[in-house]
Amino acid sequence: MTEVDGMTDSHRGAPLVRATNTRFDTPLELTSGRVLPGFGLSYETYGRLDQDGANAVLVCHSLTKGAHAAGRRTAKDARPGWWDAAIGPGRMLDTDRYFVICSDVLAGGESTGPASTDPATGRPYGAAFPVVTIEDMVNAQRRLMERLGVAQLHAVIGGCFGGQQALQWAISHPDAVRSAVVIGTGPDTSAHTIAIFSVLRHLIRSDPHFNDGDYYAGPRPVRGLASALVAAVPLWMSRDAMGQRFARRTVGGQSPRYTLRAEFAVEAFLDNIANQPRPAIDPNALLYLMRAEEYFDLPGRYGSLGTALKPVTARTLFVSYRSDWRYPPEETDLMHQVLLRQGTSSRHAVLDSALGHGGFLYEVEALAHEVTPFLAEEDAL
């Protein structure tokens with residue numbers, strides 16, 4: 001195991017970041033029937049694990065995020081982790097109380113995935129890396145929890161792609177989860193989302209440097225990835241949110257210039273995303289993670305939603321956003337109602353946010369009103 005201790009961040013209430021990569025040499029059988037001979041996982045921890053290992057909270061990241069959830073790994077980091085507002089002393093995931101873990105997933109870029117060396121060839125896997133599912137990712141995380149001395153999680157929490165992981169934890173490893181917080185997630189991934197992901201794949205693969213995913217020895221398909229990331233913005237930022245943030249303002253507040261170059265503020269925002277000097281995710285990794293989200297289908301995998309959720313014993317909090325058209329509240333409520341009928345403790349909170357699907361990432365205060373007391377109830381049991 002290689003471990004790097006980060007610094008205590010300079011802003012008020014920042015947690016101590018411990019960034020770690022650890023290797024597992026026991027083979028992992030995948031849903032597809034293929035086997036990984038071994039794998040590595042990147043993860044960060046915040047706070048301290050109690051002697052009985054009972055205060056651990058696992059944060060499952062969304063599609064384009066990763067293990068770096070809070071604080072700064074070094075003093076030179078321009079920004080803290082992606083859920084910094086949620087993790088730290090006195091925050092929603094209080095590191096004075098909880099030992100918070102955020103693990104990168106298989107294929108996620110910092111863990112074993114298409115950029116890793118294939119032991120059979122000595123070269124990066126590229127597109128030869130086996131397709132992995134949410135179930136595979138959770139099984140790998142389970143091994144990480146065992147290595148950390150966590151026999152049972154106080155809670156597992158995640159939104160969207162991370163919410164799928166949280167659900168799968170409660171299904172696959174019910175004895176290892178006391179509470180689950182599932183945000184912006186439905187029982188399956190819709191054909192509409194699959195179609196959108198297909199568009200993103202076309203954009204990535206259209207880059208002349210993509211080379212069927214075997215690009216690690218040369219230029220990377222950064223332009224194709226940038227186009228995909230720009231196209232993905234309307235997936236999480238709703239019409240209302242864009243209207244509130246940009247309206248029809250022009251660049252620099254100027255009068256119309258009657259040009260085909262960026263004329264409106266929203267265009268400049270998207271151009272800035274496209275022109276990032278170093279995209280945050282490996283293009284191949286994004287292809288694999290999108291596919292894992294697409295394969296998530298509880299009724300299809302288990303025969304029915306009731307059968308899928310039957311093993312769940314964890315207290316479950318579902319959180320939906322009223323304006324989320326990707327995973328609308330009525331789909332989430334199907335799972336809530338199944339758990340209630342089978343006698344499992346469940347509640348479903350529906351929040352209002354102009355951001356829609358992206359609300360959990362940027363409006364942590366509203367989310368904390370639901371999550372903080374839910375976790376505190378588990379503390380009192």
Exercise. Test side-chain contact (heavy atoms from CB on, under 4.5 Å) on Leu305 and Leu334 and set out the steps.
Key: CA-CA 9 Å; Leu305 185 56; Leu334 294 173; 4.0 Å; yes

Quiz item: Ile273, Leu286: one ILVMFWY side-chain cluster at the under-4.5 Å cut-off?
Solution: yes

Quiz item: If you group Ile, Leu, Val, Met, Phe, Trp and Tyr by side-chain heavy-atom gaps below 4.5 Å, do Val131 and Val35 land in one group?
Solution: no

Quiz item: Taking Thr45 for the side chain and Ile101 for the main chain, is one N or O donor matched with an acceptor at less than 3.5 Å?
Solution: no

Quiz item: Can you list every ring pair (Phe, Tyr, Trp, His ring centres under 6.0 Å) pair that touches residues 287-313, not counting sequence neighbours?
Solution: Phe129-Tyr288

Practice problem: Answer yes or no: is there a donor N or O on one side and an acceptor on the other, between the side chain of Tyr98 and the main chain of Ala155, under 3.5 Å? | Solution: no

Practice problem: Please confirm whether the backbone N or O of Gln164 pairs with a side-chain atom of Gln168, one donor and one acceptor, at under 3.5 Å? | Solution: no

Quiz item: Are any side-chain N or O atoms of Asp50 and backbone N or O atoms of Gly53, one a donor and one an acceptor, separated by less than 3.5 Å?
Solution: no

Exercise. State, with a plain yes or no, whether a side-chain heavy atom of Ser323 is found less than 4.5 Å away from one of Asp240.
Key: no

Exercise. Flag yes if Val233 and Tyr362 sit in one hydrophobic cluster, no otherwise; membership is Ile, Leu, Val, Met, Phe, Trp, Tyr, and two members link when side-chain heavy atoms are under 4.5 Å apart.
Key: yes

Exercise. Would you kindly confirm whether Leu49 and Leu93 end up in one hydrophobic cluster when ILVMFWY residues are joined by side chain heavy atoms under 4.5 Å apart?
Key: yes

Quiz item: Is any side-chain heavy atom of Leu106 closer than 4.5 Å to a side-chain heavy atom of Leu28?
Solution: yes

Exercise. Indicate the atoms forming the closest heavy-atom contact of Ala274 with Arg223, along with that distance.
Key: O-NH1, 3.3 Å

Quiz item: Going from CG on Leu287 to CG on Asp282, what distance comes out if it is rounded to the nearest 0.5 angstrom?
Solution: 8.5 Å

Quiz item: Closest approach of Met137 and Ala292, non-hydrogen atoms and distance?
Solution: CE-CB, 3.6 Å

Quiz prompt | Ionic contact status for Glu294 with Arg201, cut-off 4.0 Å | solution = yes

Practice problem: Take Asp84 and Arg91, measure what salt bridge (Lys or Arg N to Asp or Glu O under 4.0 Å) needs, and give me the verdict at the end. | Solution: CA-CA 9 Å; Asp84 189 68; Arg91 299 180 187 178; 3.5 Å; yes

Self-check item: Pro37 and Pro119, any side-chain heavy atoms less than 4.5 Å apart
Solution: yes

Quiz prompt | Ring centers of His61, Trp83 separated by less than 6.0 Å | solution = no

Quiz item: Sub-3.5 Å donor-acceptor pair from the side chain of Thr189 to the main-chain atoms of Glu293, do we have one?
Solution: yes

Exercise. Start with the C-alpha distance between Asp207 and Leu225, add both sets of side-chain angles, then the distance that settles side-chain contact (heavy atoms from CB on, under 4.5 Å), and finish with yes or no.
Key: CA-CA 8 Å; Asp207 190 302; Leu225 175 63; over 6 Å; no

Quiz prompt | Cation-aromatic face contact Arg147/Phe24, 6.0 Å, 45 degrees | solution = yes

Self-check item: Thr121 (side chain) donor-acceptor with Arg123 (main chain) under 3.5 angstrom
Solution: yes

Quiz item: Can you find a side-chain donor-acceptor pair between His68 and Asp104 that sits under 3.5 Å?
Solution: no

Quiz item: With a 4.0 Å cut-off, would you call Arg143 and Glu146 a salt bridge?
Solution: no

Self-check item: Value rounded to 0.5 Å, distance of CZ in Arg322 from OG in Ser353
Solution: 11.5 Å

Quiz item: Of all residues at least two apart in sequence or in a different chain, which pass the side-chain hydrogen bond (donor to acceptor under 3.5 Å, both in side chains) check with Arg205?
Solution: none

Exercise. Applying side-chain hydrogen bond (donor to acceptor under 3.5 Å, both in side chains), name anything that partners Ser116, two or more places apart in sequence or on another chain.
Key: none

Practice problem: Say whether, by atom type as modelled, one donor and one acceptor occur between the side chain of Arg257 and the main chain of Ala262 under 3.5 angstrom. | Solution: yes

Quiz item: With no hydrogens and no angle check, do the side chains of Tyr216 and Asn284 hold a donor and an acceptor under 3.5 Å apart?
Solution: yes

Quiz item: Checking Tyr321 side chain against Phe360 main chain: does a donor-acceptor pair fall under 3.5 Å?
Solution: yes

Exercise. Apply the test ring-ring contact (aromatic ring centres under 6.0 Å, His included) to residues His357 and Trp325: give CA-CA distance (whole Å), side-chain angles for both, the deciding distance (0.1 Å), then the verdict.
Key: CA-CA 7 Å; His357 190 65; Trp325 52 266; 8.2 Å; no

Exercise. Output, in order, the C-alpha distance, side-chain angles, deciding distance and verdict of side chain to side chain donor-acceptor pair (under 3.5 Å) for Ser190 and Tyr327.
Key: CA-CA 8 Å; Ser190 70; Tyr327 292 103; over 6 Å; no

Practice problem: Taking all non-hydrogen atoms of both residues into account, name the closest pair between Asn211 and Asp214 and its distance. | Solution: ND2-O, 2.7 Å

Quiz item: Could you state the interatomic distance from OG (Ser111) to CD (Gln141), rounded to the nearest 0.5 Å?
Solution: 9.0 Å

Self-check item: Nearest-0.5 Å distance, OG1 of residue Thr313 to CD of residue Gln342
Solution: 9.5 Å

Self-check item: CH2 on Trp169 to CG on Leu58, rounded to 0.5 Å
Solution: 6.0 Å

Quiz item: Hey, does the Lys NZ or Arg CZ of Arg245 hover above the aromatic six-ring of Phe269, less than 6.0 Å from the centre and inside 45° of the axis?
Solution: yes

Self-check item: Gap separating the OG1 atom of Thr95 from the OH atom of Tyr46, nearest 0.5 angstrom
Solution: 10.5 Å

Quiz item: Is there a donor-acceptor contact under 3.5 Å linking the side chains of His154 and Asn55?
Solution: no

Quiz item: If only atom types and distance count, is the side chain of Thr112 paired as donor or acceptor with the main-chain N or O of Gly40 below 3.5 Å?
Solution: yes

Quiz item: Which residue pairs pass the side-chain hydrogen bond (donor to acceptor under 3.5 Å, both in side chains) test when at least one of the two sits in residues 126-136, sequence neighbours left out?
Solution: Thr31-Thr133, Thr31-Asp136, Thr133-Asp136, Glu135-Arg301

Exercise. List in chain and number order the residues that pass side-chain hydrogen bond (donor to acceptor under 3.5 Å, both in side chains) with Asp212, two or more places apart in sequence or in another chain; answer none if no residue qualifies.
Key: none

Quiz prompt | Leu167/Met335 under side-chain contact (heavy atoms from CB on, under 4.5 Å): CA gap, chis, key distance, verdict | solution = CA-CA 10 Å; Leu167 266 175; Met335 298 184 289; 3.6 Å; yes

Quiz item: Among the clusters formed by ILVMFWY side chains lying less than 4.5 Å apart, do Leu30 and Met290 turn up in the same one?
Solution: yes

Self-check item: Residue pair Pro124 / Ala115: nearest heavy atoms and the distance that separates them
Solution: CB-O, 3.9 Å

Quiz item: Would you find a donor on one side and an acceptor on the other, under 3.5 Å apart, between the side chain of Gln152 and the backbone of Asp175?
Solution: yes

Quiz item: Does Glu44 pair with Lys65 as a salt bridge, N-O distance under 4.0 Å?
Solution: no

Self-check item: Smallest separation among heavy atoms of Ala19 and Arg73, with atom names
Solution: CB-NE, 3.8 Å

Quiz item: So do the side chains of Pro283 and Pro221 get within less than 4.5 Å of each other, counting heavy atoms only?
Solution: yes

Self-check item: Among Ser345, Ser179, Ser346, side chain to side chain donor-acceptor pair (under 3.5 Å) partner for Arg315
Solution: Ser179

Practice problem: Not counting sequence neighbours, which residues clear side-chain hydrogen bond (donor to acceptor under 3.5 Å, both in side chains) with Thr250? List them please. | Solution: none

Exercise. Decide side-chain contact (heavy atoms from CB on, under 4.5 Å) for Val181 and Ile183; before the verdict, give the C-alpha distance in whole Å, the side-chain angles of both, and the deciding distance to 0.1 Å.
Key: CA-CA 6 Å; Val181 181; Ile183 309 164; 3.9 Å; yes

